[in-house]
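Each chain gets a letter, A, B and so on, in the order the sequences are listed, and its residues count up from 1.
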Protein chains: 2
Amino acid sequence: MLTLSEENYIKEIYHLDVVADKGISTNAIANKLQTKASSVTDMIKKLADKKVLIYKKYQGVTLTDFGKKAAANIVRKHRLWEVFLVDKLQFSWDEVHDVAEQLEHIKSPKLIDKLDAFLGFPKRDPHGDIIPDKKGNVQAQEQLLLSALIKDDIGICVGVKDSSAAFLQYLDKQKIALGQEIKVIDKEPFDGSVIIKTQNKQFSVSQKIATNLYIQKI
Amino acid sequence: MLTLSEENYIKEIYHLDVVADKGISTNAIANKLQTKASSVTDMIKKLADKKVLIYKKYQGVTLTDFGKKAAANIVRKHRLWEVFLVDKLQFSWDEVHDVAEQLEHIKSPKLIDKLDAFLGFPKRDPHGDIIPDKKGNVQAQEQLLLSALIKDDIGICVGVKDSSAAFLQYLDKQKIALGQEIKVIDKEPFDGSVIIKTQNKQFSVSQKIATNLYIQKI
DNA sequence: AATAATTTTTAGATTAGTCTAAAAATAAAT
DNA sequence: ATTTATTTTTAGACTAATCTAAAAATTATT
């Protein structure tokens with residue numbers, strides 16, 4: 001059985017693992033978890049004992065298959081709860097994270113199965129992120145950043161890279177929602193901004209926006 | 001801010017407070033929480049410092065108004081989650097307790113308000129217990145034990161005193177549900193059993209059953 | 001009222017998770 | 001290839017929550 005703290009470490013290492021290919025460094029984990037490197041060293045020793053990850057002094061860590069499954073399960077719970085908060089309780093998508101951060105630690109497989117069914121077996125959370133299945137498998141997402149599209153490309157908005165409240169609120173203000181169709185009218189090479197058309201309105205978004213919005217081409 | 005452990009102590013003291021009139025003893029708390037008396041002494045000192053309760057050595061404890069409000073809030077959360085589990089997720093009433101025990105510690109007033117609304121502002125949980133309101137007030141329940149009724153009394157089943165899975169399953173088997181009308185046909189003075197009629201069926205229940213089922217007379 | 005039994009508290013130890021400060025190892029820069 | 005800078009680990013300490021065992025206070029019993 002994993003403690004709350006252990007679960008938070010595992011989840012964060014899992015998120016870092018997606019990008020990195022070598023071992024996850026002690027400092028990277030410490031930054032993400034707002035803690036000190038020495039605390040991380042202590043904890044990863046414990047997690048290595050529990051066969052959650054592989055740890056060699058000074059070489060960083062990598063999750064074992066067991067660790068990856070455990071992590072995917074926590075992520076699954078987090079994202080299902082986010083769907084619940086938005087779909088059923090009318091939370092907006094920029095205010096669900098902190099609550100889901102607590103709910104993800106509730107231990108009851110039955111609860112999650114029933115919640116999943118109640119929500120209609122959703123595939124993605126309110127930010128467009130894929131929800132891992134019961135067995136901890138994550139379906140690969142075929143998605144590009146808006147900035148990677150070229151003139152006349154058309155796609156569906158499927159997710160955000162940055163899920164900070166500020167960014168989500170910006171999207172709300174511009175009436176950009178997940179599931180929405182977006183067409184690239186033109187690109188401005190000078191500053192990387194993109195002129196898009198969505199819902200019959202045409203406007204420009206900055207490079208910062210374009211590099212944080214995932215699109216699935218159609 | 002209260003820790004998880006503190007919340008569990010407060011909740012248990014609150015439940016014990018309903019029955020007792022003098023201070024709640026260290027041992028009583030230790031029994032309920034499956035812990036040692038020495039641990040209880042340590043904790044109640046801490047809770048006294050936090051103004052949650054009044055503590056005098058060897059005299060037991062009593063909750064302050066602040067402590068009572070905090071406790072009622074935890075109980076409110078516990079019971080609202082139980083309603084959610086039964087009404088929305090199709091849990092049966094004998095399997096919700098352990099999950100609710102975890103969910104009651106989630107900290108988010110907004111979540112509870114929205115959950116309350118989503119559930120249609122229920123007044124009682126699946127076991128018939130009154131749900132404290134937002135301010136921590138509990139409406140007095142006018143209810144008697146089935147064993148206190150006399151021949152020809154008619155009432156509605158409103159709650160259970162013992163909410164163990166075994167008892168709840170017994171009630172399910174006998175098709176006795178909350179909200180159901182029950183008439184006392186006769187009583188057997190010898191063993192305290194009661195002959196009742198409900199849903200056009202007439203049968204006898206033992207004294208043990210009759211002293212654990214709450215009825216509201218009509 | 002004195003003694004016995006029980007309850008409660010204290011004292012000291014333990015575990016999980018964290019921290020600071022110093023030491024050791026690795027990586028970067030001259 | 002040394003030296004310097006950075007990262008990581010170790011050593012020792014702290015807090016929260018618990019425990020055991022012994023001491024102190026209260027309650028019950030003769």
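The side chain of A:Lys36 lies closest to C:dT20, out of C:dT9, D:dC19, C:dT20. Nearest to the side-chain atoms of B:Ser38 among the listed nucleotides D:dA16, C:dA11, C:dC19 stands C:dA11. If you check C:dA24, C:dT8, D:dT10 against the side chain of A:Tyr58, the one that comes closest is C:dA24.
Distances shown here put a side-chain N or O of B:Ser39 below 4.0 Å from the OP1 or OP2 atom of D:dC19. Considering only side-chain N and O atoms, A:Thr35 lies under 4.0 angstrom from the phosphate OP1 or OP2 of C:dC19. For A:Lys57, a side-chain nitrogen or oxygen approaches OP1 or OP2 of D:dT10 to under 4.0 Å. Put simply, A:Tyr9 has a side-chain N or O that comes within less than 4.0 Å of OP1 or OP2 on C:dT18. Side-chain nitrogen and oxygen atoms of A:Tyr55 include none within less than 4.0 Å of the OP1 or OP2 phosphate oxygen of D:dT8. For C:dT8, one of the phosphate oxygens OP1 or OP2 lies less than 4.0 angstrom from a side-chain nitrogen or oxygen of B:Ser25. The phosphate of C:dT8 has OP1 or OP2 within less than 4.0 Å of a side-chain N or O from B:Asn27.
Here the C1' atom of nucleotide D:dT6 and the CG atom of A:Asn31 are 13 Å apart, to the nearest Å. Rounded to an integer number of Å, the gap from CG of B:Asn8 to C1' of D:dT18 is 14 Å. A:Lys50 places its NZ atom 10 Å from the C1' atom of C:dA16, with the value rounded to the nearest Å. C:dT10 atom C1' lies 13 Å from atom CD1 of B:Ile44, rounded to whole Å. Whole-Å rounding puts the A:Glu6 CD to C:dA16 P distance at 9 Å. Put simply, CE on A:Met43 is 17 Å from C1' on D:dT9, counting in whole angstrom units. Rounding to whole angstrom units, CD of residue B:Gln59 and P of D:dT27 are separated by 7 Å. Look at CG on A:Asp42: it is 11 Å from C1' on D:dG12, rounded to the nearest Å.
Aromatic ring pairs are classed by plane angle as parallel below 30°, tilted from 30° to 60° and perpendicular above 60°; the pair B:Tyr170 and B:Phe167 is parallel.
Taking every heavy atom of both residues into account, A:Ile176 and A:Cys157 meet most closely at CG2-SG, 3.8 Å.
The cationic group of B:Lys88 does not satisfy the cation-pi geometry with A:Phe118, failing either the under 6.0 Å distance to the six-membered ring centre or the 45° limit from the ring axis.
Looking at which nucleotide of DNA chain C each of A:Gln34 and B:Ala28 is closest to, the 5′-most match is held by B:Ala28.
Using a 4.0 Å heavy-atom cutoff across all strands shown, B:Thr26 reaches sugar-phosphate atoms only and no base atom. Here B:Ser5 lies in heavy-atom contact (under 4.0 Å) with sugar-phosphate atoms only.
When each of B:His78, B:Glu6, B:Glu101 is tested with B:Lys11 by the rule side-chain hydrogen bond (donor to acceptor under 3.5 Å, both in side chains), just one qualifies, namely B:Glu101.
With sequence neighbours excluded, no residue forms a salt bridge (Lys or Arg N to Asp or Glu O under 4.0 Å) with B:Glu188.
Side-chain atoms of A:Lys50 come within 3.5 Å of backbone N or O of A:Met1 as a donor-acceptor pair.
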